[in-house]
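A short write-up of the structure that comes next.
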Amino acid sequence: MQPVDNFAPRVLAWFDEHGRKNLPWQEHRTPYRVWISEIMLQQTQVTTVIPYYQKFMASFPTVEALADAEQDEVLAHWSGLGYYARARNMHKAAKMLVDELDSELPHSVEGVCELPGIGRSTAAAILSISRGVQAAILDGNVKRVLARFHAVPTWPGEKKTENAMWDLAEHYMPSERCGDYTQAMMDLGATLCTRSKPQCLLCPLEEDCQGRLTQDPTQFPIRKPKKAAKPEKSIQLLVLTNPKGQWLLEKRPSVGIWGGLWSLPELAVEESVVLHTEQRFATQVSAVTPLSLFRHTFSHYHLDISPSQIVVSDIQLVGEGDKYQWFNPDEALAQGLPAPVRRILEQLNELGMSVR
DNA sequence: AAATCGGGGAG
DNA sequence: CTCCCAGATTT
């Protein structure tokens, strides 16, 4: 991630041409007005925010007005925006400002971060836009622009990656026009370097954007490693029970899942238990009891198991070698069994195998 | 259905 | 510190 030289000038030149400069909070750029806009914009898009912002400013034109308001009144103005904890934090911060800081926002990022609801990025946005302080933001927009420009190969949720991106953000923040630069980066991310369908051909950073060099800039930022959305499989297992109260177990092949363990005969969920059983074991089924469905989760997939207990007349176990064997319940439970099979059989055993 | 967003709060 | 959540929108 080698920084380039003329990053900020290109971004600013683009901003002068194409940036948004007539948003309500861009007029009378006081720290208070910018602060409120940034809190609203944390959670909601510009077009939605505008009417809320205007009504809010009409009712609470100053930090003193906000601090004096009842919480209910503040929340009423927030109604429809959601994330009400942020409105409560903002209200609390207004009271702190008036009571302890002479109604003036601190001039440093660290100072502003002391207020509830304001972190490093929001603090930098407020101070750079309203006071020209040279402090960089790293919100979702800027993360996306930087991750693409440098084809950052790791997930920004990792601390290491995030720190590196903060370094880049600070590095690129110019010493002049700090507020315009902050606004420009937000605009770039919001209007061109969008999550899907970025308009690279209009971008001032296009020529040396590393993400653009790959086939697909939208691969960046690298997405959060999925909670390995485990695939789901379903099977049915059969507890065949003979007139002696014995269970039929099947020896699994030595390789593969549950290799070499004694398990229960298995069939696909689509198959009919009765037909399959009568065909596979050349027997007469006299009763089928569905047992409760449950999920067994492996490291790499979920297995939904539908067990059934089936009472059969005796089965001739011929031609299958030692693959199938009848076991008394206590014998069966003494064998090496897969955990879900053990669970099924233990439950049946505790119920005295009552077939209800 | 899953990812996203910036800060708070829990462990 | 490092995770995980709030709470709604977007994809």
Side-chain angles (χ1 to χ4, degrees), chain A residues 25 34-53 71 74-97 105-106 108-129 135-148 152 154-166 168-170 182-183 185-199 211 216-232 295 301-302 304:
Chain A
W25 44 91
V34 174
W35 166 35
I36 303 305
S37 76
E38 288 300 326
I39 300 298
M40 288 185 173
L41 290 166
Q42 277 177 8
Q43 64 199 35
T44 311
Q45 296 190 339
V46 166
T47 52
T48 309
V49 161
I50 289 175
Y52 281 91
Y53 182 81
Q71 186 177 81
V74 176
L75 291 177
H77 281 73
W78 212 263
S79 174
L81 279 175
Y83 303 84
Y84 300 96
R86 292 178 186 179
R88 288 193 297 272
N89 279 332
M90 191 185 62
H91 189 213
K92 187 174 167 193
K95 289 177 180 295
M96 288 171 60
L97 271 178
L105 256 91
S108 69
V109 168
E110 299 72 34
V112 178
C113 282
E114 296 294 311
L115 298 166
I118 305 180
R120 180 175 174 183
S121 188
T122 301
I126 296 168
L127 291 178
S128 61
I129 292 174
I137 64 169
L138 188 63
D139 69 352
N141 288 315
V142 175
K143 271 183 192 156
R144 193 165 53 249
V145 171
L146 292 178
R148 286 179 181 166
V152 174
T154 47
W155 178 51
E158 284 172 37
K159 200 66 188 165
K160 239 180 81 184
T161 305
E162 201 193 356
N163 288 341
M165 296 185 75
W166 270 114
L168 280 173
E170 297 284 7
T182 291
Q183 188 66 55
M185 289 297 284
M186 296 194 288
D187 286 0
L188 200 55
T191 65
L192 289 189
C193 197
T194 47
R195 190 132 64 98
S196 59
K197 303 183 184 173
Q199 302 197 258
D216 182 10
T218 63
Q219 293 173 95
F220 303 96
I222 297 291
R223 277 186 300 279
K224 168 175 169 168
K226 285 190 184 100
K227 297 277 191 290
K230 297 176 182 171
E232 302 178 349
R295 166 166 288 197
Y301 65 92
H302 299 291
D304 289 323

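Owing to the predicted nature of the structure, the values given are computational and were not obtained by experimental measurement. We name chains A, B, ... by the order of the sequence lines, and we start the count at 1 in each one.
- Closest to the Gln45(A) side chain, of the nucleotides dT10(C), dT11(C), dG8(B), is dT10(C).
- Separating the CD atom of Gln43(A) from the P atom of dC5(B) is a distance of 15 Å, rounded to the nearest angstrom.
- Each of dG8(B), dT4(B), dG7(B) was ranked by its minimum atom distance to the side chain of Gln42(A); first place goes to dG7(B).
- A distance-only check finds a donor-acceptor pair linking the side chain of Arg144(A) to the backbone of Cys193(A) [under 3.5 Å].
- Judged by closest nucleotide on DNA chain C, Tyr84(A) is the one of Ser196(A) and Tyr84(A) placed further toward the 5' end.
- If you measure from atom CG of Leu115(A) to atom C1' of dG6(B), you get 16 Å, rounded to the nearest angstrom.
- Within the nucleic acid shown, Arg88(A) has no heavy atom closer than 4.0 Å to any nucleic acid atom.
- With Thr182(A) as the partner, the side chain to side chain contact (heavy atoms under 4.5 Å, CB included) test is satisfied by one option alone out of Asp139(A), Ile137(A), Ile126(A), Val142(A): Ile137(A).
- The CD-P distance, from Glu114(A) to dG8(B), rounds to 11 Å in whole Å.
- Rounded to a whole Å, the CG atom of Asn141(A) is 14 Å from the P atom of dT4(B).
- If you find the closest nucleotide of DNA chain C to Arg195(A) and to Gly157(A), the one lying nearer the 5' end belongs to Gly157(A).
- Here the P atom of nucleotide dG8(B) and the CE atom of Met90(A) are 13 Å apart, to the nearest Å.
- Within the 3.5 Å criterion, the main-chain N or O of Pro217(A) finds a donor-acceptor partner in the side chain of Arg148(A).
- Computed from coordinates, the Arg144(A) CZ to dA3(B) P distance equals 17 Å when rounded to whole Å.
- Rounded to the nearest Å, the gap between the P atom of dT11(C) and that of dG6(B) is 15 Å.
- Proximity note for Lys159(A) (side chain, C-beta onward) versus dG7(B), dT2(C), dG8(B): the nearest is dT2(C).
- Comparing dG8(B), dT11(C), dG6(B) against the side chain of Thr122(A) picks out dG6(B) as the nearest.
- A donor-acceptor pair under 3.5 Å links the side-chain atoms of Ser128(A) to the main chain of Ala124(A), judged by distance alone.
- Separating the OH atom of Tyr52(A) from the P atom of dA8(C) is a distance of 11 Å, rounded to the nearest angstrom.
- Residues Glu158(A) and Ile222(A) have side chains not in contact (no heavy-atom distance under 4.5 Å, counting atoms from C-beta outward).
- Rounded to a whole angstrom, the distance from the P atom of dT9(C) to that of dG8(B) is 22 Å.
- Closest to the side chain of Arg223(A), from the set dA3(B), dT10(C), dG6(B), is dA3(B).
- Across all strands, Leu81(A) comes closer than 4.0 Å to no nucleic acid atom at all (heavy-atom distances).
- Atom C1' of nucleotide dA6(C) and atom CH2 of Trp78(A) are separated by 15 Å, given to the nearest angstrom.
- Here Arg86(A) does not reach the OP1 or OP2 of dC5(B): none of its side-chain N or O atoms lies under 4.0 Å away.
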